[in-house]
> 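For reference, the structure I am asking about is given below.
Proteins come first, then strands; the chains are lettered A, B, ... in the order of their sequence lines, and each starts at number 1.
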Amino acid sequence: MTLTAPSMTDQPSPSDDEASRDQSFLEAARRAKLARIIELGHDPWGTRFDDRQLIGEIRARASEIVYRKADGANITLPSLETEEERAAFRPWIAEQGAGEIVGPQVRAAGRIILSRDKGKLLFIDIRDMTGQLQLFIGRDQVGESWDLAQCFDLGDIIGVDGTLRRTKTGELSIFADRLHILTKSIETPPEKHSGLQDAELRTRQRYLDLTYNEGVLDRFLDRTRIVSSIRKTLGDRGFVEVEGPTLHTIAGGAAARPFTTHHNTLDLDLFMRIALELHLKRLLVGGVERVYELGRVYRNEGISPKHNPEFTMLEVYQAYGDYRSMMDLTEECICEAIHAIRGAGDGKPTSYSIEFAGKAVDFKPPFKRATYAELFQQHAGVDPTDSAAVVALAKKLGIETAGRHPDVIKNDVFEAKVEDALEGPIFVIDYPASICPLTKRKASDPAVAERFELFIGGMEIANAYTELNDPDLQEELFRSQLAGMSDEDSMAKMDHDFIRALRHGMPPAGGLGIGIDRLVMLLTGTQSIRDVILFPVLRPEK
RNA sequence: GCUCCCUUAGCUCAAUUGGCAGAGCAACUGACUCUUAAUCAGUAGGUUCAUGGUUCGAGUCCAUGAGGGAGCACCA
């Protein structure tokens with residue numbers, strides 16, 4: 001048996017490692033280069049890389065690049081915006097006579113996205129969080145680094161020292177003096193033009209989606225900007241951010257099925273929270289007069305383009321306010337968020353128009369406001385106070401009517417006929433009281449609850465109440481709500497401590513809930529909630 | 001949980017009526033000091049999601065299962 005030294009062309013023996021067999025041919029080439037990098041005296045897993053500049057910052061320094069003539073005179077480069085201007089650049093250089101393009105010394109780091117090997121020249125495009133930039137690597141210009149460059153593959157993370165200049169075609173480039181390997185990649189990246197298309201791979205391997213698919217990173221950065229903006233809007237108005245418990249002994253505050261979990265030492269079954277409401281209201285009782293939480297809730301329910309089992313909710317409570325205060329606050333939060341992802345500097349955005357699902361949505365405040373009853377009449381074509389007509393319409397729509405509360409039937413009709421038609425933004429106000437167990441009734445009409453929902457693009461984005469603070473009525477409403485529930489919903493329990501808190505006195509207040517994921521979908525023009533959640537729930541890989 | 005659709009090379013996609021499983025990118029070898037999805041020549045790369053079945057013959061037809069997507073239901 002003869003042993004031979006490994007080389008890049010050697011194929012691995014097919015039998016031993018069957019799990020990696022498919023990939024091994026491609027991986028072996030990368031591992032051979034990894035070995036060569038070590039041989040050249042470099043660490044393929046890199047090290048601290050100080051003083052690097054962001055590609056966005058480096059690009060901003062393009063104006064420092066000049067043509068320096070042999071006599072030392074600096075000439076400003078012509079504009080290189082258009083195709084024509086770029087095509088004219090090479091002849092322009094020739095016209096200037098003896099001299100060279102000079103620019104600032106820079107240091108950058110990023111992942112290799114594209115590579116064009118042209119013999120003794122190598123063009124590599126690297127990308128960092130702020131942008132993409134070309135490296136110009138000449139064999140006779142980079143010295144020892146040339147050998148290292150031969151070991152680079154798409155996907156490797158590298159560093160570069162060089163000068164920022166322009167090629168003869170006008171392309172902004174770092175002309176490399178020295179290269180650094182910062183991390184070797186031993187997996188093959190996705191196809192370079194189409195990126196990752198498979199929806200499953202995009203969510204399962206989000207890191208690839210972020211790196212290689214256009215606009216994905218920007219969308220998630222926009223999400224962060226929106227969330228930061230909302231925190232700022234609320235903070236500017238004196239609202240205090242708190243962190244309530246995510247493990248509840250009673251999962252209240254919404255009509256949803258919770259996840260269950262267990263504390264071992266206490267031997268106690270617990271529920272993941274389905275809403276933030278009941279603990280924030282306890283804080284109102286405790287004197288935290290303007291309070292909010294922006295955090296994750298968990299609902300053990302179906303998955304759809306608008307639903308993920310864990311999602312982010314904002315709930316805000318304002319003592320001495322009501323649902324009208326919350327309408328103004330909602331507009332302010334949304335408009336400032338648009339400003340945050342759109343506006344440059346301190347200038348207000350020139351347009352509040354955002355395209356969603358092929359339609360332009362105009363967020364210019366104030367948003368439209370219409371009552372539940374008006375919209376019902378308008379879109380369902382039936383007087384909502386005419387119970388017989390509502391039931392007749394419900395039956396026609398195939399909605400179950402037997403033994404159900406008239407307002408519940410009415411609301412099913414509303415959801416079927418009205419909600420999808422609401423392109424919005426529109427505040428639907430004044431809901432039937434019987435479907436709002438946590439809401440104060442209108443003084444003038446106890447059958448109507450002081451509640452609004454904000455609809456945009458057919459989605460419910462926000463939900464707000466004038467909060468119910470009558471402990472006796474609250475207890476009664478809880479009881480009647482629980483009475484209608486099946487044994488399956490065994491987690492539905494009376495929260496006695498919440499009632500006790502109300503008995504101590506909760507100030508009159510407005511309360512608001514905003515579904516952050518859906519708001520981000522709208523503001524970023526995204527159709528699936530899975531595309532605004534970094535790691536949505538997936539079954540495990542086989 | 002129910003209905004329909006999808007799954008082919010590392011990635012993006014082809015494959016006629018059931019008749020030899022193909023291309024581009026990526027990889028490898030070679031050429032090229034101003035490229036831009038570089039180009040050119042060559043080489044290699046497959047359990048067609050899995051397991052059964054029908055058939056002379058299955059990527060294609062049937063059954064079951066897995067994962068994903070859309071819709072429904074549940075839920076805002």
Side-chain angles (χ1 to χ4, degrees), chain A residues 7-11 14 18 20-30 32-33 83 86 89-90 93 101 113-125 132 134-142 146 153-155 165-173 175 185-205 208 212-213 254-258 274-275 297 299-309 311 313 398 400 411 415 419 435 453-455 458-463 488-489 513-515 517-518 527-530 536 538-542:
Chain A
S7 81
M8 288 188 195
T9 50
D10 273 354
Q11 287 184 37
E18 65 134 278
S20 67
R21 212 172 103 195
D22 292 348
Q23 185 73 6
S24 62
F25 179 69
L26 296 168
E27 184 180 326
R30 285 168 178 259
K33 290 179 191 168
E83 289 287 318
R86 282 167 167 262
F89 189 55
R90 201 186 299 252
I93 295 170
I101 298 171
I113 298 299
L114 289 172
S115 166
R116 293 173 291 282
D117 180 356
K118 203 165 174 310
K120 299 182 196 65
L121 269 191
L122 178 60
F123 296 90
I124 286 178
D125 290 4
Q132 194 168 325
Q134 173 172 281
L135 311 184
F136 179 106
I137 300 160
R139 189 191 67 175
D140 300 336
Q141 286 83 39
V142 290
W146 184 253
D153 284 303
L154 295 179
R165 281 145 64 183
R166 286 190 182 274
T167 63
K168 289 173 185 168
T169 54
E171 180 74 19
L172 191 65
S173 309
F175 283 66
S185 170
I186 56 177
E187 287 278 356
T188 312
E191 211 271 351
K192 68 185 177 190
H193 349 118
S194 52
L196 263 201
Q197 292 301 313
D198 186 281
E200 180 178 352
L201 291 179
R202 287 183 46 218
T203 48
R204 232 181 250 294
Q205 295 180 262
L208 295 179
Y212 294 101
N213 286 349
R257 203 166 287 230
I274 57 172
V297 296
R299 297 188 179 180
N300 203 340
E301 275 144 11
I303 295 176
S304 85
K306 290 179 189 169
H307 301 262
N308 191 60
F311 62 101
M313 277 284 289
E400 181 67 46
N411 200 49
E415 286 177 7
E419 286 191 1
I435 59 170
E453 292 196 15
L454 174 63
F455 284 88
M459 282 193 292
E460 182 209 328
I461 296 300
N463 185 11
E488 273 182 11
D489 298 311
I514 294 180
D517 311 271
R518 289 180 178 182
Q527 304 273 352
S528 169
I529 200 168
R530 285 185 291 271
L538 283 176
R539 286 189 167 90
E541 247 175 304
K542 288 179 274 195

> Who passes side-chain hydrogen bond (donor to acceptor under 3.5 Å, both in side chains) against A/Glu453, sequence neighbours left out?
A/Arg451
> Which string of ( ) [ ] | and . matches RNA chain B, if you list each base 5' to 3' and count Watson-Crick or G-U pairs only when both distances are under 3.5 Å?
(((((((..((((.....[..)))).(((((.......))))).....(((((..]....))))))))))))....
> Just jot down the side-chain hydrogen bond (donor to acceptor under 3.5 Å, both in side chains) partners of A/Thr169, sequence neighbours excluded, or say none.
A/Thr167
> Restricting to ring pair (Phe, Tyr, Trp, His ring centres under 6.0 Å), what partner residues turn up for A/Tyr212, sequence neighbours left out?
none
> Residues two or more places apart in sequence or in another chain: which of them pass side-chain contact (heavy atoms from CB on, under 4.5 Å) with A/Arg116?
A/Leu114, A/Phe123, A/Asp125, A/Gln134
> Has the side chain of A/His307 got a donor or acceptor atom sitting under 3.5 Å from an opposite partner on the base of B/rC75?
yes
> Could you pull out all residues at least two apart from A/Phe311 that satisfy ring pair (Phe, Tyr, Trp, His ring centres under 6.0 Å)?
none
> Scan A/Ser194 against the nucleic acid and name what it touches under 4.0 Å (heavy atoms): base, sugar-phosphate only, or nothing.
sugar-phosphate
> For A/Arg116 and B/rU36, is the shortest distance between a side-chain N/O and OP1 or OP2 below 4.0 Å?
no
> Closer than 4.0 Å, any side-chain N/O of A/Arg518 to the OP1 or OP2 of B/rC75?
no
> With rounding to the closest Å, how many angstrom separate the P atoms on B/rA15 and B/rU51?
25 Å
> At under 4.0 Å, does any side-chain N or O of A/Lys118 touch on OP1 or OP2 of B/rC40?
no
> Between B/rU35 and A/Gln134, counting only base atoms on the nucleotide and side-chain atoms on the residue, is there a donor-acceptor pair under 3.5 Å?
yes
> Applying a 4.0 Å non-hydrogen cut-off, can you work out what A/Asp117 is touching in the nucleic acid: base, sugar-phosphate, or nothing?
base
> If you look at every strand shown and take non-hydrogen atoms under 4.0 Å, does A/Glu419 touch a base, only sugar-phosphate, or nothing?
base
> Closer than 4.0 Å, any side-chain N/O of A/Arg30 to the OP1 or OP2 of B/rA27?
no
